[in-house]
Student: 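So that we are looking at the same thing, I have put the structure below in structure tokens.
Not measured: the values here are computed from a predicted model. Residue numbers start from 1 in every chain, and the chains themselves are labelled A, B, ... in the order their sequence lines are given, proteins ahead of strands. What you see below is based on every heavy atom in this structure, not just the backbone, and it leaves out hydrogens, waters and symmetry mates.
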Number of protein chains: 2
Amino acid sequence: MTATKPLTRIQQKNRAAILDAALDVFSAHGYRGATVDQIALQAGLSKPNLLYYFPSKDAIHVALLTGLLSTWLAPLEQLDPDGEPVEEILKYVDLKLTMAETYPRESRLFANEIVQGAPRIHDNLTGPLRRLVDEKCAVIAGWIARGLIAPVDPHHLIFSIWATTQHYADFDVQVRAVLGDAAENRFAIAREHLRMLFSRLLTPGAAG
Amino acid sequence: MTATKPLTRIQQKNRAAILDAALDVFSAHGYRGATVDQIALQAGLSKPNLLYYFPSKDAIHVALLTGLLSTWLAPLEQLDPDGEPVEEILKYVDLKLTMAETYPRESRLFANEIVQGAPRIHDNLTGPLRRLVDEKCAVIAGWIARGLIAPVDPHHLIFSIWATTQHYADFDVQVRAVLGDAAENRFAIAREHLRMLFSRLLTPGAAG
DNA sequence: GTCTATAGAAGGATAGAC
DNA sequence: GTCTATCCTTCTATAGAC
């Protein structure tokens, strides 16, 4: 089943090197700010050789975005309808923060794209993303109906989780500038802070 | 005291038109994605005429960023050390959300700049911004010491407020895509949601 | 102050040798 | 598969007439 187009070992290696370099450059400078030269240099290839593997700059960008989208949404998919509600959501928060810490380039790649109106992945937002979010919001609404978590708007709960966790990747330069020397353990403190934030929001009976 | 360089009425009008057009274009496409032609067209001027008012594309961008920075930080400056603590912070959240709703272009202008490492305003982050944040964090720490709000890390509290409110401007296209038809009243619901989120976090005695 | 025309540089993509 | 050389478009910025 490795049919149609088996890639040689060197092809796989070069494609991977290009995508990794492109992730670096696109996430740091945005689509227009990135140059093919820069990506090729960082991948250790010449520009024409890079364009032997991908037909255009745009094709590299699209390949990156679509290839990483499933990785980026995996944490939400893991939200278990049969788990303990508050802990399930807190685990999701924790996992999203770990993603921001471990994969800040991926976070900034999507941030760049979305801030500028998501010209290349808009269909993914209204399609697969929306369906996944709606599905998980129904789960959360069920928990609320059964009184297992405090009543909140599920969609806006998810927005708050995305915003607070991805902030540490997307706005990292600002976070570090504001914290100064105290920035070193920012993720550890953020983890504790966000656990408290969402724990107090969701624990039923904690507020009227 | 209108000395040194009094601008004629037409100069003021054109400068304002250029800056407004530049805000539109830079916030939508980022620095590199924006073109001087596009800004000139939208401002109703020819490109050379635009460059008669500003020496370069970069100069327009810097003028925008520095000119808007104080506007952008004004809400935090209004945080009153002598006010009622929880209400002061909730008022700040509310004001920031109103800013995101009313001035989404400004929010995205800064988002674009910071996601890409803040090459043009990094000194403002480590300087004035950090000083202002530290000052207000000291106020918040004082409130915590007196038991007026629940103990939280003040810096990360501010990060959470920035993240959750600006999310509705910076990631607007994603918010609308996910909400679909329900997007129309997103700011009203967000307002209620965020008030609850931070109210439950900060109200003392609500949790152990 | 405002325009037309254009210089000069940068970047995406291709030709063609090896 | 990989390179050197180059084409062509786009973009910033300027020259110079009005």
Side-chain angles (χ1 to χ4, degrees), chain A residues 2 4-65 109 112-113 116-117 119-120, chain B residues 2 4-65 109 112-113 116-117 119-120:
Chain A
T2 40
T4 51
K5 284 261 179 179
L7 298 178
T8 67
R9 226 166 282 125
I10 198 165
Q11 277 174 330
Q12 290 179 20
K13 184 170 153 292
N14 276 340
R15 270 189 68 97
I18 290 167
L19 288 174
D20 188 72
L23 177 55
D24 246 44
V25 177
F26 281 132
S27 67
H29 304 291
Y31 180 76
R32 287 288 299 271
T35 70
V36 177
D37 267 318
Q38 215 177 341
I39 298 171
L41 179 70
Q42 191 151 335
L45 278 69
S46 68
K47 181 162 55 172
N49 197 13
L50 183 150
L51 291 170
Y52 167 79
Y53 286 95
F54 289 90
S56 69
K57 177 185 178 181
D58 196 81
I60 306 174
H61 196 229
V62 171
L64 255 189
L65 287 170
L109 181 77
N112 265 301
E113 173 72 7
Q116 298 186 10
R120 277 162 253 268
Chain B
T2 41
T4 49
K5 285 261 175 178
L7 298 178
T8 68
R9 227 165 280 124
I10 197 165
Q11 279 174 330
Q12 289 178 22
K13 184 171 151 292
N14 277 339
R15 270 188 67 97
I18 291 168
L19 288 175
D20 188 72
L23 177 55
D24 246 44
V25 179
F26 281 133
S27 66
H29 304 291
Y31 180 76
R32 286 288 300 271
T35 71
V36 176
D37 266 319
Q38 216 176 341
I39 299 171
L41 179 70
Q42 191 150 335
L45 278 69
S46 68
K47 181 162 56 174
N49 198 12
L50 183 150
L51 290 169
Y52 167 80
Y53 287 94
F54 289 90
S56 69
K57 176 184 178 181
D58 196 81
I60 306 173
H61 195 228
V62 170
L64 256 189
L65 286 169
L109 181 77
N112 264 301
E113 173 72 6
Q116 298 186 10
R120 277 163 254 269

Student: Which pair of heavy atoms, one from Ala43(B) and one from Ala17(B), lies closest together, and at what distance?
Tutor: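 Heavy atoms of Ala43(B) and Ala17(B) come nearest at CB-O, 3.8 Å.
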Student: Between atom CZ in Phe54(B) and atom C1' in dG1(C), what is the gap in whole Å?
Tutor: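 Atom-to-atom, Phe54(B) to dG1(C), this comes out as 15 Å.
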Student: Contact list please: residues 12-33 of chain A against DNA chain D, heavy atoms, distance less than 4.0 Å, in numerical order.
Tutor: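 Contacting residues: Asn14(A), Arg32(A).
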Student: Got a sec? Which of residues 41-53 of chain A come in under 4.0 Å of DNA chain C, heavy atoms?
Tutor: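 When residues 41-53 of chain A is checked for heavy atoms under 4.0 Å from DNA chain C, the hits, listed by number, are Lys47(A), Pro48(A), Leu51(A).
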Student: Decide side-chain contact (heavy atoms from CB on, under 4.5 Å) for Tyr53(B) and Ile60(B); before the verdict, give the C-alpha distance in whole Å, the side-chain angles of both, and the deciding distance to 0.1 Å.
Tutor: CA-CA 9 Å; Tyr53(B) 287 94; Ile60(B) 306 173; over 6 Å; no
Student: Between dT14(D) atom C1' and Lys57(B) atom NZ, what is the distance in whole Å?
Tutor: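 Result: 17 Å.
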Student: Would you name the heavy atoms of Ala22(A) and Leu64(A) that are closest together and state the gap between them?
Tutor: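 Heavy-atom minimum between the residues: C-CD1, 3.7 Å.
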Student: From the set dA13(C), dG11(C), dA13(D), return the single nucleotide nearest to any side-chain atom of Ser56(B).
Tutor: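 So the nucleotide nearest the side chain must be dA13(D).
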Student: Can a donor-acceptor pair be found between the side chains of Arg120(A) and His61(A) at a distance below 3.5 Å?
Tutor: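 Yes, side-chain donor-acceptor contact under 3.5 Å.
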Student: Apply the side chain to side chain contact (heavy atoms under 4.5 Å, CB included) test between Asp24(B) and each candidate in His29(B), Gln38(B), Gln42(B); give the one that qualifies.
Tutor: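 When His29(B), Gln38(B), Gln42(B) are each tested with Asp24(B), the side chain to side chain contact (heavy atoms under 4.5 Å, CB included) holds only for Gln42(B).
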Student: Does the pair Gln116(B) and Arg32(B) meet the rule for a side-chain contact (heavy atoms from CB on, under 4.5 Å), with working shown?
Tutor: CA-CA 11 Å; Gln116(B) 298 186 10; Arg32(B) 286 288 300 271; 6.0 Å; no
Student: Would you check, one step at a time, whether the test side-chain contact (heavy atoms from CB on, under 4.5 Å) holds for Lys57(B) with Phe26(B)?
Tutor: CA-CA 10 Å; Lys57(B) 176 184 178 181; Phe26(B) 281 133; 4.0 Å; yes
Student: Can you tell me the distance, in whole Å, between the CD1 atom of Ile60(A) and the P atom of dG11(C)?
Tutor: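 Rounding to the nearest Å, CD1 of Ile60(A) and P of dG11(C) are 15 Å apart.
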Student: Heavy atoms only, 4.0 Å cut-off, all strands: where does Ala34(B) land among base, sugar-phosphate and nothing?
Tutor: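 Ala34(B): backbone/sugar contact only, no base atoms under 4.0 Å.
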Student: Rounding to a whole Å, what distance do you find between Gln11(A):CD and dT2(D):C1'?
Tutor: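 Interatomic distance, CD of Gln11(A) to C1' of dT2(D): 13 Å.
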Student: Nearest heavy-atom pair of Ile18(A) and Ile39(A): which atoms, and what distance?
Tutor: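 Result for this residue pair: O-CG2, 4.0 Å.
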